[in-house]
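This chain uses plain numbering: 1 for the first residue, then up along the sequence. Start at 1 and go down the list; that is how both ligands and their atoms are numbered.
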Amino acid sequence: RTLLAVRGVSKQYGRGRRAQRVLDEVSLDVRQGEAVGLVGPSGSGKSTLALIASGHLTAEAGEIDLLGEPLPTGRSRADRHRRARVQLVMQDPWDALSPRLTVAEQLGEPLALLGSPGGDPAGGDPAEQIAGALSAVGLPTSARFLGAYPHQLSGGQLQRIALARALITEPAVLLADEPTSMLDPSEQARLLVTLRERQSELGLGLLFISHDLALVRKVTDRVVVLDHGRVVESARTELLCAAP
Ligand code: ADP
Ligand code: ADP
């Protein structure tokens with residue numbers, strides 16, 4: 001089943017003579033339980049595509065389908081809930097985290113706004129869900145850590161928290177744009193392999209953006225290559241990224 005379908009998306013920044021076309025009729029699919037790598041040179045349009053596919057930015061042309069229906073663009077509660085089924089995590093954790101909230105509050109906020117995992121109103125105990133989300137990304141669940149503020153934590157810890165925050169409501173699709181760049185390489189690999197295992201269990205669709213081909217090879221089933229805003233290659237990971 002296709003969770004996220006990107007169809008013929010074109011995007012330009014600026015207007016008139018200054019216009020720069022950054023995506024040119026890009027199409028790609030993320031299916032249930034599948035991890036797709038999105039790679040390509042810096043400036044090829046990867047982050048722009050992730051912003052569009054998660055509804056944070058609009059495109060001039062093309063469509064985004066989430067769970068078989070157009071990604072809603074409105075500000076109503078229902079639209080926001082549906083959009084939250086696709087979660088974006090960017091490289092800079094400060095995009096997702098508030099400096100004024102403790103770790104527990106950063107994770108409690110999406111639960112309070114969106115209800116429990118998968119949008120199921122029955123839910124569970126928020127404290128348990130928060131502890132589970134922290135353990136899943138390798139963070140402590142002590143009272144001291146739960147009460148910490150972002151400025152007390154390292155960039156790597158903040159990136160883990162941003163990931164936990166995106167996953168706590170059990171979205172259908174996670175778009176992860178260099179989500180672990182502040183961790184050291186062995187920590188990155190460990191975290192992503194853990195994420196990959198959980199992802200297969202939950203049937204989550206993952207679009208993983210990275211310039212690190214070794215990580216992409218470890219974590220993804222399929223790779224899409226962007227160059228100058230066009231898809232120039234799309235193949236099974238083992239065909240595109242041979243082991244060194
Ligand atoms: P990538 O993620 O592959 O590095 P981006 O999507 O970030 O690529 O950027 C694609 C192109 O669009 C680059 O040339 C970049 O400079 C430009 N760009 C990105 N964001 C903006 C913006 N908000 N306004 C204008 N140009 C932008
Ligand atoms: P580390 O502890 O690993 O050096 P930091 O926590 O200092 O990392 O910073 C992580 C990222 O967040 C960096 O990209 C930094 O520029 C950004 N950042 C840090 N503090 C703030 C802030 N108060 N507001 C916005 N961005 C910040």
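Residue contacts with ligand 1 leave out Gly40, since none of its heavy atoms falls under 4.0 Å from the ligand. The shortest heavy-atom distance from Ala50 to ligand 1 is not under 4.0 Å.
Protein heavy atoms come within 4.0 Å of atom 27 (C) of ligand 1. Per-atom contact check: atom 16 (O) of ligand 1 does not touch the protein, criterion being a heavy-atom distance below 4.0 Å.
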Go through Ser181 and Gln159 one step at a time and tell me if the side-chain hydrogen bond (donor to acceptor under 3.5 Å, both in side chains) criterion holds. CA-CA 8 Å; Ser181 55; Gln159 282 190 322; 3.1 Å; yes
Evaluate the criterion side-chain contact (heavy atoms from CB on, under 4.5 Å) for residue pair Val219 and Leu195; output intermediate values, then yes/no. CA-CA 9 Å; Val219 173; Leu195 174 67; over 6 Å; no
Which is it for Gln199 and Leu174 under the side-chain contact (heavy atoms from CB on, under 4.5 Å) test, yes or no, and what are the steps along the way? CA-CA 9 Å; Gln199 181 244 331; Leu174 177 70; over 6 Å; no
Please assess Glu109 against Leu101 for the test side-chain contact (heavy atoms from CB on, under 4.5 Å), listing each intermediate value before the final yes or no. CA-CA 9 Å; Glu109 194 176 62; Leu101 297 182; 3.6 Å; yes
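Ranking the protein heavy atoms by distance from atom 6 (O) of ligand 1 puts Thr48 OG1, 2.5 Å first. Counting only heavy atoms of the protein, atom 8 (O) of ligand 1 lies nearest to Gly45 N, 3.1 Å. Among all protein heavy atoms, the one lying closest to atom 7 (O) of ligand 1 is Ser47 CB, 3.7 Å. Of all protein heavy atoms, the one closest to atom 10 (C) of ligand 1 is Gly43 O, 3.3 Å. Of the protein's non-hydrogen atoms, the one nearest atom 3 (O) of ligand 1 is Lys46 NZ, 2.8 Å. Regarding atom 19 (C) of ligand 1, its nearest protein heavy-atom neighbour is Tyr13 CE1, 3.4 Å. Summary of contacts: the protein heavy atom closest to atom 14 (O) of ligand 1 is Gln20 NE2, 3.0 Å.
Taking a cutoff of 4.0 Å between a charged side-chain nitrogen and a carboxylate oxygen, Arg217 and Asp212 do not qualify as a salt bridge. A salt bridge links Arg196 to Asp221: one of the charged nitrogens lies within less than 4.0 Å of a carboxylate oxygen. The existence of a salt bridge linking Arg85 and Glu69 is excluded, since no basic side-chain nitrogen approaches an acidic carboxylate oxygen closer than 4.0 Å.
Each of Gln157, Gln188, Arg190 was checked for a side-chain contact (heavy atoms from CB on, under 4.5 Å) with Leu183, and the lone residue meeting it is Gln188.
Ala176 and Leu206 get closest at one heavy-atom pair: CB-CD1, 4.3 Å.
Between Val22 and ligand 1, a contact under 3.5 Å exists for no N or O pair.
Taking every non-hydrogen atom of Ser42 and a distance limit under 4.0 Å, the qualifying atoms of ligand 1 come out as 4 (O). Proximity to Pro41 (heavy-atom distance under 4.0 Å) selects the following atoms of ligand 1: 3 (O).
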